[in-house]
Each structure stands twice: as structure tokens, then as C-alpha cells.
Protein chains: 2
Amino acid sequence: MAEAAGADVSKLRELNSLSIVRALRGQPPATVTELAARTGLSRPGTDVVIRQLVTDGWVQVVEPDGSSVGRPARRYRFNAGAGHVLGVDVGGHKILVLLADLEGRVLHSHRRPVEPDDDPATRLAAVDAAITECLSAAGMRPDQIWAVTVGVTGPVDATGRTTLFTPLPGWASVSPADHLSARFSCPILVENDCKLAAVAERWKGAAQDADDIVYLLAGMRTGAGLILDGTLRRGYGGAAGEIGALKAVRWLSAPSHIENCPGLPAGIHPNDKAAWVFERAREGDRDARAALRRYVKDLAVGAAALVLTLDPQVVVLGGGYSRSADLLIDPLKRELHRLCLRVPEIRASILGADSVALGALRVALDQVDAELFSDGMPAPLTKA
Amino acid sequence: MAEAAGADVSKLRELNSLSIVRALRGQPPATVTELAARTGLSRPGTDVVIRQLVTDGWVQVVEPDGSSVGRPARRYRFNAGAGHVLGVDVGGHKILVLLADLEGRVLHSHRRPVEPDDDPATRLAAVDAAITECLSAAGMRPDQIWAVTVGVTGPVDATGRTTLFTPLPGWASVSPADHLSARFSCPILVENDCKLAAVAERWKGAAQDADDIVYLLAGMRTGAGLILDGTLRRGYGGAAGEIGALKAVRWLSAPSHIENCPGLPAGIHPNDKAAWVFERAREGDRDARAALRRYVKDLAVGAAALVLTLDPQVVVLGGGYSRSADLLIDPLKRELHRLCLRVPEIRASILGADSVALGALRVALDQVDAELFSDGMPAPLTKA
DNA sequence: CGAATAATGATGTGGCTCATCGAAAATTTG
DNA sequence: CAAATTTTCGATGAGCCACATCATTATTCG
């Protein structure tokens, strides 16, 4: 059974410190009186707590700007710069590193191209280089990073590896967490890219209002990420959402309808094929429209399975093809109406190619939060 | 954002009261010293808290039995009789009512047969009668019930109705919660039967160790209930797990392989058909074995979709057919190996026909817990 | 009777609230 | 233009509540 820990008197201070930090975060700088009202604590009580938080480095004083009657109050704000997190997207074509503060503001980003058939060592070297670049651009040392999350393709198991499946050659035996733990002493999390994209859409994307979300990756790969009751669901073995593995769900072959659309110009770059097909379809080209129709039909079978299984509030359509979501959403909706009991809203992603790295940031921030709110509040001076 | 409520000093007492109650529940009667050790509180502190709990009626004193050196300690136990909950299974063929105390011990049960084609008024009357019977057998008044959960067939929407689908004639417009609220002033929850059975299997059944569970109802109806991260998942519209609605998943027709197995004796009662088929299959009858094979194949398609979507730790096979689970589990496992990335454990239900009502009890108890642990601890005297 | 353990009481401390008073800046007023 | 007034912030002290620690008394068994 859960350990029933009794509470000392000092626990109260901890609790109230946390609730003041919570009331401060993500808000504009607040006065003591405002915080007291927001938390329900007394003014003097709030005062001593916030004084301690300032000396501990969690909170900063903002000198009064003076634009009111009466004596101007000191304002306080959460010291988002007390710590930082990294979100890393290890893709087939690019490495993207985002550096953010504790409020989740992105301070620096670095993108670096890689090749899909690069060997693991090359890819890891690119990751290292991108991280180094991002840190030095922000003038930051590795020990100022409080959490790192790495997004990779394929289901991630408990050890942070993608042993079940990955399209990157040789990557199955790689442990990004082990690799990075040489540089960082903070928690290093590894997560599937679709799952991270789903998290990002709930954080800053198209589904901020929803707690039950299915994210569909619609692009040269097809995949899904699930958020239920506001929390990312990984599954017991980390393979939740891998409905595409079902043969009856033709997610593996679905993109080929578009990538091999009849009429594609010879010698067109693979990355431009989809754009070309969507362009033609928009113009009314029969072949392109047929390709789209077949693609959506295949996509919808898996989507319907997810929707029926989970009954989400929103389906977010992301991935490369979602740039032309206007062409996809209506037919997808029609297919789902044909297949499902209750059809959720379908929305297009608004985050684009950064979504995986953004989701990685959010997961890293959640990790920091979890440590904070479980272990109480230590002084950040020990880390700075 | 979440309201950041500051804590008064009296919050401490509340917190410690709760942690002592938690340490007391489900355990044999404990002495003050034991509780102090278990909660980390001091002995005198524990003493005053438990004294208050006794006068409030939450805890009872057990007089010392005297079997130790030194002065024998008073022992205390959680007063499970302070409140009670009802779990009601409204099935096609039966109404089952369970009455339990706050520890979840079943004190009384009452079963009452109904017909599948009874009209809603008749069925509700049977529910009322069964509840009355159960209460009076236990010598209990409705105001001593703290929560009621009703299990029904079909997805339950936010208003507690089964508007999307139900096999019971006329039941779609019935609101069991509204009906019962005339007799009970406590919370009345309505939930889908498969979901409740899943809860029961985690509580007292085959999956007590698992946090990610797919429950498969395998019987004359086919359905599923999902538990992820230890919590029942309902879906945004309450329709989670309804994968059977997908036409490609032939769950609706799957039981007919068995119910219409060639060679069934003319005039056999519908309820006995399955038993007959399983019996023949066990004896090696070709037709029966073929029927079973086809049934499992159909069942497995939906099961595979669920498993791939959720990646659970355990699949629990319940429902009427699970009495012959030994004939089903191996072929099902083979099918899943063919269809899935990672195959979870497959276990047979051990609860049988009571599982829905048991799950209803657990959900009602969870409701009581949620109220307790959020609103703090009022004296039960106001309720008794 | 002594050993062992339980219950009880006394004292001290940390943290919170409430009430009050002083301080600083803007507005009003002579 | 300067003094008075208003308004709000900041600081301090009294009181309360819940807990911890330590000492004392009570009860049983060997």
C-alpha cells in the first residue's frame, strides 16, 4: 500500500512555498497582496515565504514601475532562469535541439541536417554537436541543464531503447540516454516522436483545451500518439499507439499512394513529391485526387480503430502532409463518420516540424516539476 | 491554472488524520505505537489524532487481547461500518445488487432474474425491489449508503444514459441515476458493464498486479474495458473500448460462430449452447473446434487493435465463455502473436458473473475515497 | 519485585493568522 | 509650489494550533 507519510509542521511551509510558486509561474509579476489573495494565505505569511524564495533563488524581485495610486508594491516573478531544459528531436533528416527556461520559453534552437542512412555513430555525433552548439550559443554549461528529453522514431522501451522497431539503420541497439549521461548528470528521458508531438499539440498547439487527444502523424511515415486524461500514455512496454503494425491497418503502405502517385515528374526530389500531389489535387487533377482518396481511406482505418478504442475529444492531424490538412480533414471526417460511433473533432496541427522537439521540452519540464513537487523545494544555488 | 490553495495550520491535522486512516484501512487492528511507526508521526501526536478519529466515529477501539509482555496496548481499527456502498449490475437476464462496507467487504447480495425483453419500467422496478431486499436484509436505511454505482450495457454518456447504443429495449432514454436519486441522496454513478468488470479484475480478480489492463468480455456479447495507469478510462464521450463497432472487427457476429454451431441439438436453451459447443470441442468434435477457431479469429482482430493501441500488461478474458478459457487462451495468444508487436499476458477471469457488480462496488468506494481525500474528514455522525 | 511496554502530562518550537503601526508615493488642496 | 491627505505597502507583535521531545505514571508478566 502507499506509504502513509505523516507530516511535520515544516511540511506546511513546503506546501505553501509550492503553492506560491505555482501561483507565480506563467503569470506576470505579482505583488505580495495579489499572491496572498490568490493562495488564500495571509499577507504576512505570504511575505515571509516569498522572502525565503527570493534568497533561495526561486523568485526574483521586479522593482516597481509606478503606475497606480498609493505606495507602489514590489513585484515578484518566478525565476525561470534558475534552470533550463533541452528538447532534442533525432529525426531521419534533421537533428533539432531546443533550449528552454523553466517557464518553457525557448531561448535557443539549433537545427542540423543528417542523412536517413547515416550510421548511429554519425547521428550521435550530430546530436552532440547540435547540443554543444545550442549550449554555447546560450552561454550555458551542461550542469545548468535540469532535464533532457530525446525524441526518436519507433516505440521506446523501459530502458530508453527502440529495440522493437526503428527505421534508422543500426539505431535499435543505441541508448541515447546512456550516451548523453556522459555529459549530463540530470535525468535524460527518451520518448517516441509521435508521443512527443502529441504532447506538444496539447501544450502549445491545436489541442490546448482537450484532455483526450489522438495525434496522427500523417507524412512519409504514419504513426500516432495518445493523451488520455491530460497525460501521455506510453503503454506497459512503451508501444501504445502502434496500431499501424496491424496488417489490416495499412499505415505502412498508405503514404505510397502519394509518394508513387501516377504522373509525378521524373527526377523530382522525394521530399517534394507530396507537395506536388497536393498541388495537383487542389487543381482538380484526377490521379492526384484518387491518390489522396486512397491515402485517406487507409489512414482512416487505423484512425477509426484508435478513435473507437479511446473515444478522444480531438484528433490532431500532424506530420508533413498536415500542411495540406484542408484537403485531408473533410474526407477523413467522412470516413470516420462511416466507421465510428462518435466522431471527435479533427484539427490540423499548427506546430509543424518543431512539434517533436517542443514536446520533448514539455516532457523535460514535467520531469523537473515532478521532482520539485515531490521532493519539496531545495535551494537552486546548489545547482547554479 | 490549478487553484493554488495555501494551507492553514489546521490542514496539518487533516493531512495526518488522513494518513492515519490510510495506514489503518485494510490492515489488522493496530496499536498507537505501530501507527506512529507506520506514519512517521510521534507517539503522542498519533495518540491525539486517533482519539479524535474515535470520537468522530471513523475508528473503533478493539480491547486488548493480552498476549505480550508489558502493558497491553489498545488496538484500533478502521470503522468500516461507518458507511456503506451499493454496486448494482443491471443485466439482460439478472439484476445483482451487492452491499459492502467501506473496506469493500460484501455484507449482502441479492440476485433477481429479469427477461432480456422486459420494458424499462419492469426492469427499473426489479432494480428497486432488489435494492430494497438487499437493504432490508442488512437492516440498513438508504441514508446509510454513501455511494451507488450502476452497471449497464452500452457506452454511458456524461449524463449517465446509454443513448448511443444498448441491447435492452427502450433503455436508451432511461436515466438510472435520476431514477435512484429519488431514494438516495448520495452520489449515484452509472457505468458501462465491461468497464466495471475490468475494474473488478484489477481489484479482486486476475490482474491485481497490473496497472495497464485490457478486459475482454467474451460471451454472447463481446466488449472491452480499459484500465491504464491503474485508472479506468472512459473516453471523452464514455465510449472508450467500443472497438467492436468497427465493421472490420466482427465482434457483433463473432458469438454466432458458437451460438449457431452446426450439430447443436434442436431445442437446446440458448444459455446452454456455448457450454455444449465447448464440451464437444474438448472431446475433439470437428465442427465445434472449427466454430471455436472462427470465434477466436474474430475476437483476436479486435483484441489486437486494442493491444496495439494501448500496449497493456495484461489482457483478462472474461464473460460467459471464459469458463472455458483454457480452450480460448492458447489460440488467442497465437493469433495475437501473428498480429501484434508485443503480446501481453493473457489471463482468464476468476470472478465470473459477479464481476460487474463487484466493479460497481469498487467504483462507488473510489467515489467515497475521492470525496474523503479531497474535502478532508468530516465527522460521520452527520451521515449516520 | 523488577523488566517491559503503554498511556499521560509538561514544555518547547515552528508556522500561520490577525491586528496594528510606520513608511512611501500619488493626489488633493491652500 | 508646498503641505496635507489618501492609499497602499511593509514590518512587528500577540495569540493559536499542531507537532516533537522528554519525563512520569500505569499496567502487566516473569
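Quantities reported herein were computed from a predicted structural model and do not represent experimental measurements. Every chain is numbered from 1 and lettered A, B, ... according to where its sequence line falls, protein lines coming before strand lines.
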Tell me, please, which residues at least two apart from [X] pass salt bridge (charged side-chain N to carboxylate O under 4.0 Å, His left out).
| X | value |
| --- | --- |
| K204(B) | none |
| R77(B) | none |
| D8(B) | none |

Can you tell me how far [atom2] of [N] sits from [atom1] of [X], to the nearest Å?
| X | N | atom1 | atom2 | answer |
| --- | --- | --- | --- | --- |
| Y76(A) | dC9(D) | OH | C1' | 10 Å |
| L12(B) | dC19(D) | CG | P | 6 Å |
| I20(A) | dG15(C) | CD1 | P | 14 Å |
| I50(B) | dA18(D) | CD1 | P | 17 Å |
| R74(A) | dA25(C) | CZ | C1' | 14 Å |
| R51(A) | dT12(D) | CZ | C1' | 11 Å |
| L15(A) | dG14(C) | CG | C1' | 15 Å |
| E14(B) | dC16(C) | CD | C1' | 16 Å |

Problem - D8(A) or T31(A), whichever maps to the more 5' nucleotide of DNA chain D - result: T31(A)
Completion exercise
With sugar-phosphate taken as primed atoms, P, OP1 and OP2 and all else as base, the protein-contact string of nucleotides 18-24 of chain C at under 4.0 Å (heavy atoms; B, S, -) is BB--BBB
Practice task
With sequence neighbours excluded, tell me which residues meet side chain to side chain contact (heavy atoms under 4.5 Å, CB included) with P142(B).
Solution key: L135(B), F184(B)
Completion exercise
Taken in chain and number order and not counting sequence neighbours, the residues that satisfy side chain to side chain contact (heavy atoms under 4.5 Å, CB included) with A100(B) are V85(B), L361(B)
Fill in the blank from the handout: Per atom distances to the V32(A) side chain, the nearest of dA11(D), dA18(D), dG10(D) is dG10(D)
Exercise for the section: Could you please name the option among dT17(C), dC17(D), dT8(C) that lies closest to any side-chain atom of L41(A)? Expected result: dT17(C)
Practice task
Taking only the side-chain nitrogens and oxygens of N16(A), find out if one of them lies under 4.0 Å from OP1 or OP2 of dC16(C).
Solution key: yes
Exercise for the section: State whether R13(B) places a side-chain N or O below 4.0 Å from either non-bridging phosphate oxygen (OP1 or OP2) of dC19(D). Expected result: yes
Handout entry: Distance-only side-chain donor-acceptor flag, T31(B) / R74(B), under 3.5 Å
Key = no
Practice task
Under 4.0 Å between any heavy atoms, over every strand shown, what does R43(A) touch: base, sugar-phosphate, or nothing? Just pick one.
Solution key: base
Exercise for the section: Using a heavy-atom cut-off of under 4.0 Å over every strand shown, decide if T33(A) touches base, sugar-phosphate, or nothing. Expected result: sugar-phosphate
Completion exercise
Heavy atoms of R38(A) and A23(A) approach each other most closely as NH1-O, 2.6 Å
